[in-house]
4 protein chains.
Amino acid sequence: MTAPVRRGRPRSENADVRILEAAHELLVERGYDRFAMDEVAARAAVAKTTLYRRWPTKDHLLVALVAKIQDEVSVADTGDIRRDLSVYLTAVATGLDRMRRVGRDLTGEEDRSAGVVAELVAAAARHPDVGDVVRNLFARRNALPLALLDRARERGALAPGTSSEVLFDQLAGALYYRLLVTGAPIGADYVEELVGQVLAGTGATRHPERT
Amino acid sequence: MTAPVRRGRPRSENADVRILEAAHELLVERGYDRFAMDEVAARAAVAKTTLYRRWPTKDHLLVALVAKIQDEVSVADTGDIRRDLSVYLTAVATGLDRMRRVGRDLTGEEDRSAGVVAELVAAAARHPDVGDVVRNLFARRNALPLALLDRARERGALAPGTSSEVLFDQLAGALYYRLLVTGAPIGADYVEELVGQVLAGTGATRHPERT
Amino acid sequence: MTAPVRRGRPRSENADVRILEAAHELLVERGYDRFAMDEVAARAAVAKTTLYRRWPTKDHLLVALVAKIQDEVSVADTGDIRRDLSVYLTAVATGLDRMRRVGRDLTGEEDRSAGVVAELVAAAARHPDVGDVVRNLFARRNALPLALLDRARERGALAPGTSSEVLFDQLAGALYYRLLVTGAPIGADYVEELVGQVLAGTGATRHPERT
Amino acid sequence: MTAPVRRGRPRSENADVRILEAAHELLVERGYDRFAMDEVAARAAVAKTTLYRRWPTKDHLLVALVAKIQDEVSVADTGDIRRDLSVYLTAVATGLDRMRRVGRDLTGEEDRSAGVVAELVAAAARHPDVGDVVRNLFARRNALPLALLDRARERGALAPGTSSEVLFDQLAGALYYRLLVTGAPIGADYVEELVGQVLAGTGATRHPERT
DNA sequence: CGATAAGCGAGACGGTACGTCTAGTCTTCCG
DNA sequence: CGGAAGACTAGACGTACCGTCTCGCTTATCG
């Protein structure tokens with residue numbers, strides 16, 4: 001296995017940085033649809049060629065950008081599965097809400113639309129490879145909470161037959177469903193109620209077990 | 001309360017029909033993104049103004065179209081809440097999958113993307129008023145299954161503290177989450193498992209109560 | 001030959017007036033090209049049908065309008081052909097300049113373009129019948145100055161072989177040429193010089209003959 | 001004085017040629033008003049953007065086109081000013097008549113309208129910058145005959161006080177006036193009479209001076 | 001050290017849809 | 001039948017963006 005010999009002028013890392021910064025700025029300012037590649041190039045002081053050498057499509061660039069800027073949601077395992085899930089989901093909900101606001105000036109709650117998240121979902125639907133990226137992204141992102149659920153089941157905090165995947169779908173799905181489809185609000189109390197109801201039948205005690 | 005006096009030439013219902021038919025046809029043939037207003041007009045033998053008088057935007061037209069063509073999913077109330085939900089959700093999943101395939105030639109399972117559904121969600125995110133339409137649509141659509149859950153709780157098949165809304169979010173959310181985000185398959189067995197796990201903690205007996 | 005029997009509701013003369021007023025207003029405000037029939041109808045509180053029942057075309061309406069609003073240029077016959085022509089042509093030039101300014105906000109002399117006159121000429125070129133109207137209009141309008149020239153020739157103030165038509169073409173033509181084509185200014189001094197030079201070879205004395 | 005550094009992809013000269021050819025063809029076929037930018041693009045196998053990058057408006061394109069295709073009218077200086085002018089003006093009249101016929105199928109003399117020329121004049125009236133182009137065009141075009149007149153005056157064939165500009169206005173003006181306004185015919189005899197009458201008072205002898 | 005390869009900035013290009021505008025016609029109901 | 005209202009057909013317009021291409025130039029590594 002030989003080292004991949006690089007010839008010619010190497011790609012400017014500086015360009016990458018400037019592009020992503022410009023793109024980020026522009027996405028925040030304008031939102032997904034009024035985001036224009038021409039303007040990213042102009043702002044980053046970069047040729048469009050340079051953009052397209054890196055990302056074959058506006059959708060690709062934006063997915064990459066979002067993948068980069070979305071914060072790692074940390075998962076704490078305190079042994080209290082109910083609390084851990086609440087904390088985790090609240091963090092996710094907060095992140096989604098921040099995404100939702102990107103590119104629009106929302107003062108009140110008047111606009112309940114899903115914003116960038118919805119556009120990314122559509123982008124994933126348009127290009128199979130973007131879809132792959134998104135799915136990978138979520139697979140990685142969800143690995144931690146899934147492991148958390150697995151450990152809870154192992155120590156008996158969840159009923160043995162419970163599927164972590166399905167359980168997680170119930171939780172995350174509810175959030176995304178509200179965000180993308182019904183537009184219903186996702187407050188702290190909703191998360192609480194959701195977690196409570198989901199855990200109700202899984203053998204989780206109302207008060208945390210001690211390890 | 002005076003009758004709303006209509007003046008001028010009334011809108012041609014014929015045009016509405018022809019437009020929606022043409023749009024439907026075109027959506028199925030091409031999918032959301034390669035769907036062109038010009039061609040709808042041409043196929044419907046209608047001027048573009050007539051289109052835009054009715055729907056201010058391609059997105060508006062398409063949402064209206066989908067709202068119209070999506071079939072009523074019927075809800076049966078047999079008294080067996082588990083089975084009723086399974087049947088209902090399976091029907092929903094089938095409908096979603098049909099939507100997903102619209103406008104693309106999917107032979108195998110190679111493409112796991114969400115298709116039209118994702119685009120509609122994005123359209124709803126782009127225009128506040130389209131968002132309203134979509135949310136109304138789902139509110140109406142979900143009224144029946146929510147009532148089903150309410151009745152189940154009343155007759156003791158669900159724990160008294162259970163929220164129908166939250167429960168429904170868990171169920172529908174899981175489906176949409178898989179469709180739009182993770183791309184995981186949504187088969188009959190998945191629905192079965194999902195319903196089982198959701199109902200597990202709600203006091204639903206494994207075998208149906210008789211009324 | 002029976003009288004033409006009129007049946008049904010007679011045409012509203014009121015409408016004619018209101019339409020022409022609205023059209024005039026709009027023409028002055030906007031100029032020929034941004035003049036829209038819809039808006040005339042709206043301002044005149046008249047149906048478009050009513051407009052088109054009277055004038056088959058925007059061009060027809062506007063030509064009729066201009067024919068109506070353009071002031072009669074009076075022709076005085078003092079016996080001093082040179083002065084009479086100067087006075088007449090100055091009046092024409094003033095009228096043309098007012099037309100030129102219609103529909104634009106000209107503060108300085110920056111814009112030398114021909115405005116409405118040019119558009120009317122184009123309108124006449126587009127529809128044969130509009131052309132006829134325009135030509136008739138000018139035939140009537142030019143009858144008086146032509147008669148003036150005829151009388152001058154008869155009394156010996158112009159050389160016998162001089163053609164009034166050609167002479168008039170030289171005079172009026174110069175004005176329109178400057179207005180429509182070269183954009184050169186048409187001041188009082190220009191008119192003076194023009195008349196002087198045109199009359200130079202026709203036997204007109206520099207000082208007026210007495211009758 | 002540094003060389004003007006050219007950056008980016010140069011404009012395709014080929015495109016220019018193809019566009020102008022297509023436009024010419026289309027203008028001849030259809031005339032000014034049924035001339036469509038979309039079709040020019042299609043025929044030239046060029047994107048509409050390419051059109052609009054060069055000419056911001058249909059009017060701009062057409063004026064440029066006409067400026068290009070209108071043939072240089074040559075000016076001979078034989079020493080016989082009367083004949084030289086007749087020849088020149090006859091050529092101009094012929095050119096105008098050809099323009100007048102562009103885009104319409106004129107068999108007889110039924111249609112006396114000015115056609116393309118009128119439309120160009122109107123275009124010049126609509127956009128100040130188009131007006132500039134047209135005026136420049138005529139300034140250049142008229143330089144030669146004006147010089148001819150100047151030389152004639154210098155050698156005494158015209159009275160010393162005669163203004164070449166005014167004289168030329170009389171001649172050219174008469175032609176354009178007939179073409180654009182009165183629609184009167186412009187035959188060889190008319191030109192002859194016009195030139196004769198214009199030169200009558202300027203000291204031009206009926207038979208040419210020898211140099 | 002020169003050849004070769006690739007990256008880069010600039011900006012034109014093909015393609016394509018969008019939504020707008022205006023003209024002139026048609027349809028309805030009311031006087 | 002005239003009129004008001006307003007929908008309708010027709011079709012061009014100019015704009016916006018995407019993603020590609022073509023220049024001339026720069027920056028690397030290879031031979």
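Protein chains get the first letters and strands the later ones, always in sequence-line order, with residue 1 at the start of each. Note that the structure is a prediction, hence the values are computed from the model and not measured.
Residues satisfying the ring pair (Phe, Tyr, Trp, His ring centres under 6.0 Å) criterion with A/His60, sequence neighbours excluded, are A/His127. Residues passing the side chain to side chain contact (heavy atoms under 4.5 Å, CB included) test with B/Leu51, sequence neighbours excluded: B/Ile19, B/Met37, B/Val40, B/Ala41, B/Val46. For the side chain to side chain contact (heavy atoms under 4.5 Å, CB included) test, residues two or more places apart in sequence or in another chain that qualify with B/Ala47 are B/Thr49, B/Thr50. With sequence neighbours excluded, the residues forming a side chain to side chain contact (heavy atoms under 4.5 Å, CB included) with C/Val66 are C/Leu27, C/Met99, C/Val116, C/Leu120, listed by chain and number. Annotation: side chain to side chain contact (heavy atoms under 4.5 Å, CB included) contacts of C/Leu20 (sequence neighbours excluded): C/Trp55, C/Leu61, C/Leu65, C/Lys68.
Between D/Asp59 and A/Thr49, the residue whose closest nucleotide on DNA chain F is further toward the 5' end is D/Asp59. Position along DNA chain F of the nearest nucleotide to C/Arg18 versus B/Ala15 favours C/Arg18 as the more 5'-ward residue.
A/Arg11 has no side-chain polar atom (N or O) that falls below the 4.0 Å cut-off from OP1 or OP2 of E/dA6. OP1 or OP2 of F/dT9 lies within a sub-4.0 Å distance of a side-chain N or O belonging to B/Thr50. Listed pair B/Arg54 / F/dC8 meets the phosphate criterion, a side-chain N or O lying under 4.0 Å from OP1 or OP2.
Taking atom CZ of C/Arg53 as the reference point, atom C1' of F/dA4 lies 10 Å away to the nearest angstrom. E/dG24 atom C1' lies 12 Å from atom NE2 of C/His127, rounded to whole Å. Summarising the geometry, the separation between CG on A/Leu51 and C1' on E/dA10 is reported as 14 Å, rounded to the nearest angstrom. Rounded to an integer number of Å, the gap from A/His60 NE2 to F/dC18 C1' is 14 Å. Summarising the geometry, the separation between OH on A/Tyr32 and C1' on F/dA16 is reported as 17 Å, rounded to the nearest angstrom. Going from atom CH2 of A/Trp55 over to atom P of F/dC18 covers 15 Å, rounded to whole Å. When rounded to the nearest whole Å, the span between NZ of D/Lys58 and P of F/dT15 equals 15 Å. Atom OH of A/Tyr52 and atom P of E/dC8 are 16 Å apart (whole Å).
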Task: Footprint string (nucleotides 23-31 of chain F, 5' to 3'): B base within contact, S backbone only, - free, heavy atoms under 4.0 Å - done: ---BBSSS-

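Residue pairs meeting the salt bridge (charged side-chain N to carboxylate O under 4.0 Å, His left out) criterion with at least one member in residues 18-27 of chain A, sequence neighbours excluded, are A/Glu25-A/Arg43. For residues 49-58 of chain B, every residue pair satisfying the salt bridge (charged side-chain N to carboxylate O under 4.0 Å, His left out) rule, not counting sequence neighbours, is listed here: B/Asp16-B/Arg54.
Only D/Ala36, D/Met37, D/Asp38, listed by number, bring a heavy atom of residues 36-47 of chain D to less than 4.0 angstrom from any atom of DNA chain F.
With hydrogens and angles disregarded, a donor-acceptor distance shorter than 3.5 Å links the side chain of A/Ser12 to the backbone of A/Asn14.
Contact check on A/Arg126 versus B/Asp33 returns no salt bridge, with no Lys/Arg side-chain nitrogen under 4.0 Å from an Asp/Glu carboxylate oxygen.
Looking at A/Lys48, its side chain comes within 3.5 Å of the base of F/dG19 through a donor and an acceptor atom.
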